[in-house]
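Take a look at the structure set out below.
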Amino acid sequence: MSDHAGSDTTNNGWDAIDASLARLYPGQQPRHVGTVLRSSMGGGDPLDGISVYRSTQGLPHWHYVTYGLSELYGKESGDPDYSGYGLELTFRLLALPGETEAPSWPFNFLQNLARYVFRTGNVFADGHWMTANGPIALGTPTDICSMAFASDPGLPAIDTVNGRVEFLQVVGLTIEEERVGTQWAPKQLLEALLPHMPLWITDLGRPSLLAAPGVGAVVAAGLARDGSSTCGMFTDVLEVAELAPPDAAGTIQVTLGARQVADLLTLLPLRLPFARSHWKAGTGNCCSNLARPTARCWSTPR
């Protein structure tokens, strides 16, 4: 990627995003890191670019916004209601004292999230979560190794000539917070953390907020009242087979990774008493409904 502004003269979708940001940050010229050659034209990056603004709302922070998950130019998709995938990603990162330039690592971080969407067709939405399998900032000692997704509190969805676009904020979480969020509901957990995490600004230096005043009681009450909202998970390790005689005719055997087994044992008691099923989806579009193990399905991600 390189620092430059877009130059396409028919960028209707791009202009709509710019207009929304201009209302939020009047008079501010963002730093824009554009892609030299996007992946659709043979390059390595799926997004056309990412802009970052300096914000003093909540706490001083850097506000990153992607360009490229929606249709930035002419209408290409057959869905008149949504522009491209119907979203752009945002990310709010706490500004360190004396910091005058936005850190560069979120540009690659957001490109990687977009790459996942383009590669798999799995579209993030408000209330989703994802494990980073390590620090979200590579090479940085931090407990923030997971993330949730929520509608950006400062950028409402917009209706463009190419369809609707939602600004979906990536929120950094610790592994402990992620596990509680999946046991309950990621969006509900974010609401519980909000008094201690204004605007859901990601702070790489913070510990888990689960011990913060009032959070534990809210989580415990929510689990008892609501159970778990996690209806299913994508996993790299999933095999579904029907055992043949003499083992157990008609019995379905499901093979999962060790962590997925532990997660499942935690989630099912929070799903079954509320008459809710739970599915796991792996590679090859294989899906197993583990709350009703006789049911199997194969589906194509959106």
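- A donor-acceptor pair shorter than 3.5 Å can be found between the side chains of D152 and T90.
- A donor-acceptor contact shorter than 3.5 Å links the side chain of T182 to the backbone of R179.
- Tested against F91, the residues F149, F107, F109 include a single ring-ring contact (aromatic ring centres under 6.0 Å, His included) partner, F109.
- When side chains are defined from C-beta on, H61 does not count as touching T202, because their heavy atoms never get closer than 4.5 Å.
- For Q169 against W200, the heavy-atom pair with the smallest separation is NE2-O, 3.0 Å.
- R115 contributes a side-chain N or O that, together with a main-chain N or O of G44, makes up a donor-acceptor pair within less than 3.5 Å.
- For the atom pair L190 CG and L173 CG, the distance stands at 6.0 Å (nearest 0.5 Å).
- Distance check: L210 CG to H196 NE2 gives 10.5 Å after rounding to the nearest 0.5 Å.
- Remark: the N122 side chain and the Y116 side chain contain an N/O donor-acceptor pair separated by less than 3.5 Å.
- Proximity of I17 to S70: side-chain heavy atoms (C-beta onward) are separated by under 4.5 Å at one or more points.
- The heavy-atom pair separating L238 from V254 by the smallest distance is CD1-CG1, 3.8 Å.
- In plain terms, the two heavy atoms of K75 and S83 that are nearest each other are NZ-CA, 4.0 Å.
- Between T131 and C145 the shortest side-chain heavy-atom distance does not fall below 4.5 Å.
- Here the OG atom belonging to S20 is positioned 5.0 Å from the CG atom belonging to L155, to the nearest 0.5 angstrom.
- The two residues P103 and P106 make their nearest non-hydrogen contact at O-CD, 3.3 Å.
- When the options N11, D48, N162 are evaluated for a side chain to side chain donor-acceptor pair (under 3.5 Å) with Y73, the one that passes is D48.
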Test ring-ring contact (aromatic ring centres under 6.0 Å, His included) applied to F118 and Y85, step by step: CA-CA 9 Å; F118 277 91; Y85 288 107; 5.2 Å; yes
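- A distance of 14.5 Å separates CH2 in W14 from OG1 in T160, rounded to the nearest 0.5 Å.
- Note on W129 and I201: separate hydrophobic clusters, where clusters join Ile, Leu, Val, Met, Phe, Trp and Tyr whose side-chain heavy atoms are under 4.5 Å apart, directly or indirectly.
- W105 is connected to W62 through a chain of hydrophobic side-chain contacts under 4.5 Å among Ile, Leu, Val, Met, Phe, Trp and Tyr, so both are in one cluster.
- Side chain of Q183 to main chain of V180: no donor-acceptor pair is present (N/O by atom type, distance under 3.5 Å, no hydrogens or angles).
- Considering CD1 of I50 and CG of L110, their distance stands at 4.5 Å, rounded to 0.5 Å.
- Residues S228 and W184 have side chains not in contact (no heavy-atom distance under 4.5 Å, counting atoms from C-beta outward).
- Across S77 and G84, no two heavy atoms sit closer than the pair OG-N, 4.4 Å.
- Contact check for L59 versus P198: side-chain heavy atoms found under the 4.5 Å cut-off.
- Applying side chain to side chain donor-acceptor pair (under 3.5 Å) to R164 and the options D159, D81, D79 leaves one that passes, D159.
- In this model, no donor atom of one side chain and acceptor atom of the other lie less than 3.5 Å apart for E177 and S146.
- The cluster map of Ile, Leu, Val, Met, Phe, Trp and Tyr, joined by side-chain heavy atoms under 4.5 Å apart, puts L204 and L199 in different clusters.
- Linking Ile, Leu, Val, Met, Phe, Trp and Tyr whenever their side-chain heavy atoms come within less than 4.5 Å leaves I144 and I175 in two separate clusters.
- Hydrophobic clustering of Ile, Leu, Val, Met, Phe, Trp and Tyr side chains at less than 4.5 Å, counting indirect connections, keeps Y53 apart from L94.
- Classification of K187 and D126 as a salt-bridged pair holds, one side-chain N sitting under 4.0 Å from a carboxylate O.
- The backbone N or O of L47 sits less than 3.5 Å from a side-chain atom of Q111, completing a donor-acceptor pair.
- Residues V117 and R119 fail the side-chain proximity criterion, which asks for heavy atoms closer than 4.5 Å.
- Taking CG of L72 as the start and OG1 of T66 as the end, the distance is 8.5 Å to the nearest 0.5 Å.
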Walk me through it: do Y67 and D18 pass the test side chain to side chain donor-acceptor pair (under 3.5 Å)? CA-CA 10 Å; Y67 289 73; D18 279 351; 2.5 Å; yes
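- Side-chain contact annotation: H63 with S55, donor-acceptor N/O pair under 3.5 Å absent.
- Between M130 and L113 there is a side-chain heavy-atom pair separated by less than 4.5 Å.
- Nearest heavy atoms, T174 versus R206: CG2-NH1, 4.0 Å.
- Salt bridge annotation for R54-E101: absent, with no cationic side-chain nitrogen under 4.0 angstrom from a carboxylate oxygen.
- For the pair R225/Q188, a side-chain contact is recorded, criterion being any heavy-atom separation below 4.5 Å from C-beta on.
- Side-chain N or O atoms of E88 include none that pairs as donor or acceptor with a backbone N or O of E166 at under 3.5 Å.
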